[in-house]
Amino acid sequence: MPASPELAPPRPRWDDHAATIVASEPLGPHQRLVLAMPTLEARFGPGQFLNLSVPGHVLRRPLAPSRHEGTEVELIVTPFGPGTRDLVRLPVGTRLQALAPLGNSFPISSGDAALVGAGAGAAPLAWLAERLLRAGRTVHVFHGAPSAEDRTLVQTLYERLGLEVRYFSEDGSLGRRGYPTEGLAELLAGGAVATVYSVGPFALMRAAAQLAIAHGRPGYVSLDVHMACGVGACLSCAVQTAAGQKHACVDGPVFEVQEVVW
Amino acid sequence: MPASPELAPPRPRWDDHAATIVASEPLGPHQRLVLAMPTLEARFGPGQFLNLSVPGHVLRRPLAPSRHEGTEVELIVTPFGPGTRDLVRLPVGTRLQALAPLGNSFPISSGDAALVGAGAGAAPLAWLAERLLRAGRTVHVFHGAPSAEDRTLVQTLYERLGLEVRYFSEDGSLGRRGYPTEGLAELLAGGAVATVYSVGPFALMRAAAQLAIAHGRPGYVSLDVHMACGVGACLSCAVQTAAGQKHACVDGPVFEVQEVVW
Amino acid sequence: MNRLEVDFLGVRFPNPVVTASGTFNFGREYAHLYPLRRLGAVTTKGVSPRPIAGAPTPRITETPMGMLNAIGLENKGVDAYVADELPWLKAQGARVIVNVFGDEAADFAHVARKVGPYADLIEVNLSCPNVHGGRLPFAHDPAAAAEVVRRVKGATDRPVLAKLSPNGPILPVAEALEAAGVDGFSLINTLLGMRMDLERKRPVLGNRQGGLSGPAVKPVAVRLVYELYRHTDRPILGMGGIASAEDALEFALAGARLVAVGTATFGDPYAPVKVIEGLERELEARGGRWVDWVGAAHTPD
Amino acid sequence: MNRLEVDFLGVRFPNPVVTASGTFNFGREYAHLYPLRRLGAVTTKGVSPRPIAGAPTPRITETPMGMLNAIGLENKGVDAYVADELPWLKAQGARVIVNVFGDEAADFAHVARKVGPYADLIEVNLSCPNVHGGRLPFAHDPAAAAEVVRRVKGATDRPVLAKLSPNGPILPVAEALEAAGVDGFSLINTLLGMRMDLERKRPVLGNRQGGLSGPAVKPVAVRLVYELYRHTDRPILGMGGIASAEDALEFALAGARLVAVGTATFGDPYAPVKVIEGLERELEARGGRWVDWVGAAHTPD
Ligand SMILES: Cc1cc2nc3c(=O)[nH]c(=O)nc-3n(C[C@H](O)[C@H](O)[C@H](O)COP(=O)(O)OP(=O)(O)OC[C@H]3O[C@@H](n4cnc5c(N)ncnc54)[C@H](O)[C@@H]3O)c2cc1C
Ligand SMILES: Cc1cc2nc3c(=O)[nH]c(=O)nc-3n(C[C@H](O)[C@H](O)[C@H](O)COP(=O)(O)OP(=O)(O)OC[C@H]3O[C@@H](n4cnc5c(N)ncnc54)[C@H](O)[C@@H]3O)c2cc1C
Ligand SMILES: Cc1cc2nc3c(=O)[nH]c(=O)nc-3n(C[C@H](O)[C@H](O)[C@H](O)COP(=O)(O)O)c2cc1C
Ligand SMILES: Cc1cc2nc3c(=O)[nH]c(=O)nc-3n(C[C@H](O)[C@H](O)[C@H](O)COP(=O)(O)O)c2cc1C
Ligand code: FES
Ligand code: FES
């Protein structure tokens, strides 16, 4: 079973592009990085990613932009392991290299959209929201975090679009106590005819996917699989799908929720 | 046999000091680095060294300053392997760490002095020259290089002292064709009563040492042995001496030419 | 003067730099960046008789100047590659080293027979588990490894390289393989390693342990190439952490006649070509041809 | 609550972080930076019956995220250390692990007997060549290694750790040592490696090959600790590339009850203390005591 056509537009070929850090600012525990990528003629779509070099590291790091305007690519990076920790500390002016553009992107829904995210998952989602709004769709955003820590992230990414975000925190310190899938559940239970998009921890995406499936709504997730090459050569990013084993870097990272073996 | 007392003054204890690069400029194939080391109260003597961290490298790099004024330590670094290549590329403002002060220093001769150096060996020698001049000694400088490449280095280090340098190049492109030990040989053959100091490749120091010994002159060299700890703990920097095996980082790097088993 | 040209078991390579098995698939992913014939050769991902799904994810993780992989030998099986990939790869004008493996000696021979027409060299991956030998890798069982080589030699007229594992002594295996008629050696495959996930308090990799590659292993690889070179007169394809022309020259000095670039390609897809270009410059500056450097660090004891 | 306290073979350690043999000499060089009793223990440089001059220089060289050493076991011989260093070290209030070796089993026992009064634990370095066993290291000859342990056990009442080498299979040796009465294990010693000097077209090290240590080897070390832990009930002192508290916790998860910091001390002489302080913070943040982490990554197959 080939992916549905909207998931697989003819893709520009990737190359290795110079990427200079032109801005770097903390957003709570995350970091907003802006890369200047003057040689990248192709345009990213929301959900696509680049594979970014980090000095002193053998592997690159896959990251999904939150915007691509002119020659500037905006990223949200959450320091996680050694590579992302080093990346967020690099000074403005540092010259990196990025394989781009990689992977597929989210399709634009034909009707309303419900976005369910957490942490840096907000990066591709916010950008998708921008595209959805431009296409005239109604966009519901549910964002989850352990505490109030993602407040600045959400403000930066969504409020510049004029979007209101329903915030869920595990400790109740901001927005509602609980998980963003609760908001999605209520929306769908209320009869909303929305396409579901989710990027975040596996458990969150699975819960969102199950809600979409249960309500017969189309849904898309961006699977976060450990990657080495990012271009289909190493077979590290295996994903089990109804159509057999696929590879997230070339067949994804965006998958239809029905397609994924959860 | 303990080292002669002038080689072993009571030494201040080393510690690990912050060292910020405040200037970095190429001098031909070499790089002049200035480190700000505000916490280093002890003063380096010419020949002493520090063991400098290089980001991304497991070991530090031993380097002998060419000056220590106020809180600023001047180094001449020749890019050689991966560590020094990375070091000379670091931008001004980079914060490093340095074990300092390490090792012993050159004694000040009671009479004239003849300095025989090559490449970055000029760093401790030029500083020694400064001290010798201040002590009222006559200083002869012989510097060798493959070609004219060390012209700026020599100008920077020696001409600021008002010292004239006899330059020897292997290809004859600057100064005399040949090796700086030829100048030393002529000086000593002419009956000069000079103490010999040499820092450079092993073969150069050995030749200088043999001339000093042959003419019954005292002589000192700074032995360049691969080091790991820099403080006497790893035993990597073994040196064979008349008094048995010593360790360059604590018993040297400066040795009397008679003491070394060449 | 082409300083890089090298003959290896009768095959002429324009330069000694090949890709390492499993890090370049069958070359298609990188073919739009540079012509594959620019490389010494493409070594393909390991091919087995039947498709293999591979190991659970995560399959890779980074370590200091290295990476661990436990791909679990995922591949589509020999028939798919003979149908789709190998003819395409040959059509690119690339020289091709096909990496083969299986559960038992006959499997290796089966694959070698099928891929032979597309292969300039056959590389036998002995690091895979010997299913009938208590799952000990062939590489650590000289007799089983020799049987593999004998069968493969019988199944193809292409020169056969045995790929050795650094996880056990190599000399006893190498000796047995020479007796079995192996034409040359390639090494090193990955070193066994593990990384822990402090959040989950578990090994990071789905397979728990994986194979270490990249610059971290280079000293181990150079030493094993050096050691093997002293004991064999058959040519060596060296690899393990090569990321620059200088690295390649270290392997040449130790005794490698060809070198492979693996993990470095993940960090920079142009790495194999940059190593070639770097070698052209280095040899221009340092003098000599590649073949003059091969084994040059060996001096009488 | 002291989260770091740990009992190891009846000795109480305030924290599990010790120095690695050969990277801290007898502690004197670092004693002005921090009190040596702040460390879990000081493991001394290897001590042999008679002085050894060591290997030709260069004795060390750097590699990607690692280093090679071929010090050649330089030491002043047991009598000098018993006279000058060990009493001083005990007087600092430090716990002491004395690393011992020799040409044959009796040598180990001789040294162990002499240093016993100053040692909390004896660590037997099995990576040194067995002079009467064809110079194969004891570590790769289970019978010879067992004989060493038997003799050392007979010569001292201190608990005896056998230090294993990663350059060959460890389980057969470990089994033989258990039968010989070993109390615990320490691992890993260095991996054999080599670096080439492109100018001289020779190995960099005077001894040609050396031992690889530092972060590069960490994945290999973690895996071997994990593997050994599954097969023994004796406690493990783990090491190999530890440079941070996170690294130490990886070893704990794999099964190390004590951990050693070696090469990292060359990059930062405060490294052992920073690992201790980091562990205090990490365990505060992540919860649990050190001993709760030991072996916690082991789940049923
Ligand atoms: C398509 C895609 C888009 C992503 N977009 C973002 C983003 O916009 N912002 C963000 O903060 N994070 C994003 N991630 C996750 C990010 O790639 C990882 O957090 C990061 O690679 C971890 O590297 P590290 O050095 O911190 O950790 P380490 O564990 O040290 O990483 C070691 C290696 O494992 C791989 N790896 C580890 N964790 C992951 C992971 N979660 N996903 C994929 N590879 C991993 C990396 O490739 C790296 O080479 C994305 C992941 C994918 C697959
Ligand atoms: C007391 C002393 C003072 C020195 N002063 C200067 C100076 O002022 N300017 C200058 O340019 N160089 C100086 N050197 C030499 C300098 O330390 C080496 O060139 C440098 O360490 C090489 O590191 P690398 O990364 O370039 O090479 P690599 O070969 O990659 O070095 C790897 C390791 O080997 C050791 N090493 C390699 N070569 C040498 C060497 N020649 N001497 C000592 N250790 C070595 C280093 O400690 C390093 O950890 C001095 C050396 C000593 C011992
Ligand atoms: C992701 C990955 C997959 C690999 N797959 C194979 C394989 O299928 N067959 C094989 O013989 N070696 C395989 N290897 C080992 C490499 O070919 C090579 O021997 C090893 O990685 C050392 O070289 P390097 O450090 O340059 O990567 C693989 C290595 C990696 C990193
Ligand atoms: C310079 C140096 C000297 C060493 N000397 C000894 C020794 O005398 N005895 C021993 O058992 N191990 C010795 N080792 C090995 C270390 O104790 C340790 O096992 C190894 O370095 C791995 O740990 P690390 O990566 O933290 O350094 C030495 C290591 C180094 C780097
Ligand atoms: S990351 Fe290499 S195949 Fe997907
Ligand atoms: S460099 Fe460690 S003892 Fe001299």
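Within every chain, numbering begins at 1; the chains are lettered A, B, ... in the order of the sequence lines, protein sequences first and strands thereafter.
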Student: Just how far is it from atom SG of A/Cys229 to atom CZ of C/Phe24, taken to the nearest 0.5 Å?
Tutor: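 Between atom SG of A/Cys229 and atom CZ of C/Phe24 there are 11.0 Å.
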Student: Does the side chain of C/Pro269 reach to within under 4.5 Å of the side chain of A/Trp14, using non-hydrogen atoms?
Tutor: yes
Student: Could you measure the distance from the OG atom of A/Ser236 to the CE atom of C/Met67? Nearest 0.5 Å is fine.
Tutor: 6.5 Å
Student: Find out whether A/Met227 and C/Arg59 are in side-chain contact, i.e. whether some heavy atom of one side chain is under 4.5 Å from a heavy atom of the other.
Tutor: no
Student: Got more than 12 heavy atoms from elsewhere within 6.0 Å of CZ, A/Arg95?
Tutor: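 Check fails, neighbour count at 12 or below.
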Student: Might you confirm whether atom NZ of C/Lys90 has over 12 heavy atoms from other residues, nucleotides or ligands at distances under 6.0 Å?
Tutor: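 Yes, the 6.0 Å shell around NZ holds more than 12 heavy atoms from other groups.
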Student: In terms of heavy-atom proximity below 4.5 Å to chain A, should C/Ile60 be classed as side chain, backbone, both, or neither?
Tutor: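 C/Ile60 touches chain A through backbone and side-chain heavy atoms alike.
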Student: Near C/Phe13 CZ, under 6.0 Å, is it more than 12 heavy atoms from other residues, nucleotides or ligands?
Tutor: yes
Student: Do the non-hydrogen side-chain atoms of C/Pro215 and A/Val58 ever get within less than 4.5 Å of each other?
Tutor: yes
Student: Do you know which two heavy atoms are closest between A/Gly232 and C/Glu29, and how far apart they sit?
Tutor: O-OE2, 3.4 Å
Student: With a 4.5 angstrom heavy-atom cut-off, which part of C/Thr57 approaches chain A: side chain, backbone, both or neither?
Tutor: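 Contact with chain A: side chain only.
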Student: Let's test your reading of the structure: which of C/Asn69, C/Ile71, C/Thr61 forms the most heavy-atom pairs below 4.5 Å with chain A?
Tutor: C/Ile71
Student: Please check if the number of heavy atoms outside A/Arg151 that lie under 6.0 Å from its CZ is greater than 12.
Tutor: no
Student: Heavy-atom cut-off 4.5 Å, strictly under: side chain, backbone, both or neither for C/Asp268 against chain A?
Tutor: both
Student: Please report the shortest heavy-atom distance between C/Gly267 and A/Arg60, naming the atom on each side.
Tutor: O-NE, 2.8 Å
Student: Using a strict threshold of under 4.0 Å (side-chain N to carboxylate O), is an ion pair present between C/Glu62 and A/Arg61?
Tutor: yes
Student: Within the 4.5 Å heavy-atom criterion, are A/Val231 and C/Phe266 side-chain neighbours or not?
Tutor: no
Student: Does the side chain of C/Met65 come within less than 4.5 Å of A/His57's, by heavy atoms?
Tutor: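 Answer no - side chains too far apart.
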Student: Specify the closest pair of heavy atoms between C/Ala53 and A/Gln245, including all atoms of both residues, with the distance to one decimal.
Tutor: O-NE2, 2.8 Å
Student: Based on non-hydrogen pairs under 4.5 Å, which of A/Asn51, A/Val239, A/Leu59, A/Val54 is most in contact with chain C?
Tutor: A/Leu59
Student: With the side chain counted from C-beta on, respond yes when C/Tyr270 and A/Asp15 share a heavy-atom pair under 4.5 Å apart, and no when they do not.
Tutor: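 Counting from C-beta outward, C/Tyr270 and A/Asp15 do come under 4.5 Å.
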Student: Between A/Pro82 and C/Arg195, which heavy-atom pair has the shortest distance, and what is it?
Tutor: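 Looking at all heavy atoms of both residues, the closest pair is CD-NH2, 3.7 Å.
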